[in-house]
Amino acid sequence: MHFPFLDNWRKPHPDAEGAATVTDELSGDQTSAAQLLSECELLREQAGAAGVELDDTVESLTALDQLLPHWREDPEVTPWLGADAGLYLGTVMVRSVPGARWVRWPDGQPVVRLPSGREVDVLAEGATWAETGSPELSQAYAEVSED
């Protein structure tokens, strides 16, 4: 799956002075990376329309699990919502699991690295949740919080 917002993260502008270091700086700045990856605009829009506030807490994952999956009626929306759900899951993990942080795989995909060294493909978790509802986001979180 292609995520256009990650292109700027992975690939510096060719005319930029010091372009070779732009990618490294962003990946080294956890605050900027976390802010970029936590936007999840489509998910926040869907949740807000259903009266669910996404406040980056574990409780909000449970609230998302309770949403009626109207997005499954639109096959074009489901993959985007799944990506947002995965990024949101990762955001909650990074903010609430001590030592968890965002890292990038060699292909540029963001994943969450837990203190144990385990890396969680949150985009895959979000895609599965958006398509089938299982595993629930709160369940995915509970599994890694015990890691």
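Computed from a predicted model, the values in this text were never measured in an experiment. Every heavy atom of this structure was used, including side-chain atoms; hydrogens, water molecules and symmetry mates were not.
- Minimum heavy-atom separation, P135 to W129: O-CD1, 3.7 Å.
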Do V112 and R101 pass the side-chain contact (heavy atoms from CB on, under 4.5 Å) test, and can you show the C-alpha distance, the side-chain angles, and the key distance before you say yes or no? CA-CA 6 Å; V112 173; R101 62 189 185 100; over 6 Å; no
Take R72 and V77 through the test side-chain contact (heavy atoms from CB on, under 4.5 Å) and record every step on the way to the result. CA-CA 8 Å; R72 292 189 193 136; V77 170; over 6 Å; no
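- Separating the OG1 atom in T62 from the CD atom in Q139 is a distance of 11.0 Å, to the nearest 0.5 Å.
- Under a 3.5 Å cut-off, the side chain of D84 and the backbone N or O of L42 do form a donor-acceptor pair.
- Atom-to-atom distance recorded for L54:CG and E45:CD is 11.5 Å, nearest 0.5 angstrom.
- Looking at W105, its side chain never comes within 3.5 Å of a backbone N or O of P110 through a donor-acceptor pair.
- Within the 4.5 Å cutoff, the side chain of R44 has heavy atoms near those of the Y88 side chain.
- In this structure the side chain of E39 never reaches within 4.5 angstrom of the side chain of L87, judged on heavy atoms.
- At a threshold of 4.5 Å between non-hydrogen side-chain atoms, the residues E131 and P79 do not count as touching.
- Annotation: the span from M93 atom CE to L61 atom CG amounts to 8.0 Å, rounded to 0.5 Å.
- Side-chain contact between V122 and W102 is present, with at least one heavy-atom pair separated by less than 4.5 Å.
- Here Q66 contributes atom CD and L68 contributes atom CG; the two are 9.5 Å apart, rounded to the nearest 0.5 Å.
- When all heavy atoms are compared, the tightest approach of V97 to P115 is CG1-CD, 4.4 Å.
- Tested against S60 for a side chain to side chain contact (heavy atoms under 4.5 Å, CB included), the candidates D56, L64, T57 yield a single pass: T57.
- Across all non-hydrogen atoms, the minimal contact from T128 to S134 is CG2-O, 2.8 Å.
- Salt-bridge annotation for D121 and R113: absent, with no side-chain N of the basic residue lying under 4.0 Å from a carboxylate O of the acidic one.
- To the nearest 0.5 Å, atom OG of residue S96 and atom CD of residue E59 are 9.0 Å apart.
- Residues V58 and S138 form no side-chain contact, since every pair of their non-hydrogen atoms from C-beta on lies 4.5 Å or further apart.
- Between E119 and R104, none of the side-chain N atoms (NZ, or NE/NH1/NH2) sits under 4.0 Å from a carboxylate O, so this pair counts as no salt bridge.
- Rounding to the nearest 0.5 angstrom, the gap separating the CG atom in L137 from the CG atom in L89 is 5.5 Å.
- A distance-only check finds no donor-acceptor pair linking the side chain of T78 to the backbone of P75 [under 3.5 Å].
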Going through the checks in order, is the side-chain contact (heavy atoms from CB on, under 4.5 Å) test met by L123 and V111? CA-CA 8 Å; L123 294 179; V111 297; over 6 Å; no
